[in-house]
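To start, the structure itself, in structure tokens.
As the structure lists them, so they are numbered: ligands from 1, and atoms in each ligand from 1. Quantities reported herein were computed from a predicted structural model and do not represent experimental measurements. We use all heavy atoms of the structure for the numbers below, so side chains are in, but hydrogens, waters and symmetry mates are not.
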Amino acid sequence: VAKSGSAHYLHYTEQMRERLRHQLITETELRQAILDEAFVLHYQPKVAIADGTPIGGEALIRWRHPTRGLIYPMEFIPIAEETGLMVPIGEWALRAACRQIQTWIEAGRQPLQIAVNVSERQFRWGHLPALIDVLLRETGIPPHLLQLEITESVLPEDLEGALRQMAWIADCGVALALDDFGTGYSSLSYLRELPLDCLKVDRKFVQDMEQDSGTRHIVQAIVAMAKAMGLKVVAEGVETEGERSLLRGMGVEEGQGYLFARPLPVKEFELFCGL
Ligand code: C2E
Ligand code: CA
Ligand code: CA
Ligand code: CA
């Protein structure tokens with residue numbers, strides 16, 4: 001028993017050491033990636049649930065790693081958050097999205113609203129409103145073409161500070177969406193205090209809706225509440241026709257998910273949207 005115990009212990013520390021090593025390498029490589037701007041945005045269409053008409057897009061960042069190819073956010077955003085690198089990476093994403101909108105406008109295309117994810121770290125930084133202001137000036141884009149997606153977990157950390165920044169950003173005319181709605185531990189009471197345009201129903205609810213009537217009731221309640229508050233509802237992670245028709249029946253107007261389109265490189269996004 002003692003032997004297998006110590007073998008287990010050895011294995012455990014080796015695993016920990018390996019993970020730490022991986023984190024350190026990733027951090028170093030991420031710092032270089034920021035200097036090289038080795039990132040790219042893919043755009044996932046948001047469509048009208050009723051007929052699939054494209055009505056916007058969500059920008060999703062990918063890391064173009066020199067040897068490993070495209071790396072998805074799950075693999076580097078947690079490390080970026082821990083090391084403070086999320087602020088410059090988030091700034092890159094915001095600027096890239098604004099420039100993309102500017103490019104469409106300058107080419108005479110009819111641009112769609114693009115949503116960019118903003119993490120808790122970027123709010124704690126304290127300069128997000130100033131950055132948004134700079135980007136709007138730099139690119140000259142109409143503010144309503146930009147939307148920020150904020151997760152519920154952003155809020156309780158420093159509610160006052162986050163609220164003040166959101167109010168300022170909303171005053172600029174930039175749209176705000178609450179992401180992953182229903183998964184956080186936030187209370188409903190301050191929902192009315194947030195200057196929101198839109199609630200995004202979390203993918204987990206959409207996923208379970210067909211099989212589980214309890215989940216259906218939750219989605220129904222979220223939709224009713226959002227409508228009563230004058231907010232738009234977007235369902236994320238729509239993968240099946242069944243989910244789509246349930247959502248449609250509940251009066252959800254916008255959807256996003258593999259059923260309609262995956263996150264796409266910009267050229268394919270333009271094709272999909274007829275831009
Ligand atoms: P999120 O904001 O919840 O984004 C939706 C995620 O769900 C994306 O993963 C998207 O590819 C995926 N997805 C979309 N439709 C479906 C579907 O039908 N089924 C399934 N199973 N998945 C679907 P992705 O691109 O890997 O991004 C993961 C997370 O990384 C995002 O979650 C967001 O929190 C974060 N993220 C991505 N880009 C940025 C960024 O530029 N800045 C910040 N701060 N966070 C970002
Ligand atoms: Ca999002
Ligand atoms: Ca989400
Ligand atoms: Ca399902």
Protein residue, atom and distance nearest to [atom], heavy-atom basis:
atom: atom 41 (O) of ligand 1; answer: Ala93 CB, 3.4 Å
atom: atom 6 (C) of ligand 1; answer: Arg203 NH1, 3.7 Å
atom: atom 14 (C) of ligand 1; answer: Gln44 OE1, 3.0 Å
atom: atom 19 (N) of ligand 1; answer: Glu239 OE2, 2.5 Å
atom: atom 43 (C) of ligand 1; answer: Asn117 O, 3.5 Å
atom: atom 11 (O) of ligand 1; answer: Pro263 CG, 3.2 Å
atom: atom 27 (O) of ligand 1; answer: Pro73 CG, 3.4 Å

Does any N or O of ligand 1 fall below 3.5 Å from an N or O anywhere on [X], backbone included?
X: Gln207; result: no
X: Tyr258; result: yes
X: Ile61; result: yes

Number the atoms of ligand 1 from 1 as they appear, then name those within less than 4.0 Å of a heavy atom of [X], with their elements.
X: Gly257; result: 15 (N), 18 (O)
X: Gly237; result: 16 (C), 17 (C), 18 (O)
X: Glu58; result: 2 (O), 4 (O)
X: Asp179; result: 2 (O)
X: Met86; result: 42 (N), 43 (C), 44 (N)
X: Ser119; result: 44 (N)

Given side chains that start at C-beta, do those of [X] and [Y] come closer than 4.5 Å, heavy atoms only?
X: Arg21; Y: Leu24; answer: no
X: Thr103; Y: Arg109; answer: no
X: Leu70; Y: Val40; answer: yes
X: Leu247; Y: Met209; answer: yes
X: Glu120; Y: Thr151; answer: no
X: Gln44; Y: Tyr258; answer: yes
X: Leu136; Y: Cys172; answer: yes
X: Trp63; Y: Glu75; answer: no

>> If you count heavy atoms of other groups shown closer than 6.0 angstrom to CZ of Arg19, is the number above 12?
In response: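 Incorrect, the count does not exceed 12.
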
> Of the choices Leu60, Ile77, Ile71, Asp180, which has the non-hydrogen atom that lies closest to atom 46 (C) of ligand 1?
Replying inline: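 Considering heavy atoms of Leu60, Ile77, Ile71, Asp180, the nearest to atom 46 (C) of ligand 1 sits in Ile77.
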
>> Measuring from atom 25 (O) of ligand 1, which candidate in Arg62, Arg121, Gln256, Glu75 has the nearest non-hydrogen atom?
In response: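 Closest candidate by heavy-atom distance is Arg62.
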
>> Holding to side-chain contact (heavy atoms from CB on, under 4.5 Å), I want the full list of residues that pass it with Leu259, two or more places apart in sequence or in another chain.
In response: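 Only Val238, Glu241, Arg244 meet the side-chain contact (heavy atoms from CB on, under 4.5 Å) criterion with Leu259.
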
> Who passes side-chain contact (heavy atoms from CB on, under 4.5 Å) against Leu264, sequence neighbours left out?
Replying inline: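 Residues passing side-chain contact (heavy atoms from CB on, under 4.5 Å) with Leu264: Pro45, Ala261, Glu268, Phe269, Phe272.
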
> Are any side-chain N or O atoms of Asp197 and backbone N or O atoms of Leu176, one a donor and one an acceptor, separated by less than 3.5 Å?
Replying inline: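 Such a contact is found between Asp197 side chain and Leu176 backbone.
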
> Quick check: does any side chain N or O of Gln32 sit under 3.5 Å from a backbone N or O of Glu29, one acting as donor and the other as acceptor?
Replying inline: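 The answer is no, because no donor-acceptor pair under 3.5 Å joins these two groups.
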
> Near the Ca ion (ligand 2), which protein N/O/S atoms are found at less than 3.0 Å?
Replying inline: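 Near the Ca ion (ligand 2), the protein supplies Glu58 OE2, Asn117 OD1, Glu149 OE1, Asp179 OD2.
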
>> My question is simple, although I want it checked carefully: is atom 36 (N) of ligand 1 less than 4.0 angstrom from any protein heavy atom?
In response: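 Protein heavy atoms within 4.0 Å of atom 36 (N) of ligand 1 - there is at least one.
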
> Can you check whether a protein heavy atom sits less than 4.0 angstrom from atom 9 (O) of ligand 1?
Replying inline: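 Within 4.0 Å: no protein heavy atom nearby.
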
Please confirm whether [X] approaches ligand 1 to less than 4.0 Å, judged on its heavy atoms.
X: Met74; value: no
X: Gln122; value: yes
X: Arg262; value: no
X: His42; value: no
X: Gly90; value: no
X: Val116; value: no

Quick one: [atom1] on [X] to [atom2] on [Y], what's the gap to the nearest 0.5 Å?
X: Asn117; Y: Asp180; atom1: CG; atom2: CG; answer: 8.5 Å
X: Thr83; Y: Arg31; atom1: OG1; atom2: CZ; answer: 6.0 Å
X: Leu128; Y: Ser119; atom1: CG; atom2: OG; answer: 9.5 Å

Could you tabulate the donor-acceptor pairs under 3.5 Å formed by side-chain atoms of residues 139-147, not counting sequence neighbours?
unit_1, atom_1, unit_2, atom_2, d
Thr139, OG1, Leu135, O, 2.7
Gln147, OE1, Lys46, NZ, 3.0

>> With side chain to side chain contact (heavy atoms under 4.5 Å, CB included) as the criterion, how do Leu41 and Val116 come out once you've worked through the C-alpha distance, each side chain's angles and the decisive distance to 0.1 Å?
In response: CA-CA 10 Å; Leu41 292 181; Val116 182; 5.9 Å; no

> Which one holds for Ile89 and ligand 1: side chain close, backbone close, both close, or neither close, with close meaning a heavy atom under 4.0 Å?
Replying inline: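 For Ile89, no heavy atom sits under 4.0 Å from ligand 1.
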
>> Between Val234 and Phe181, does the side chain to side chain contact (heavy atoms under 4.5 Å, CB included) criterion hold? Intermediate values first, please.
In response: CA-CA 10 Å; Val234 178; Phe181 186 73; over 6 Å; no

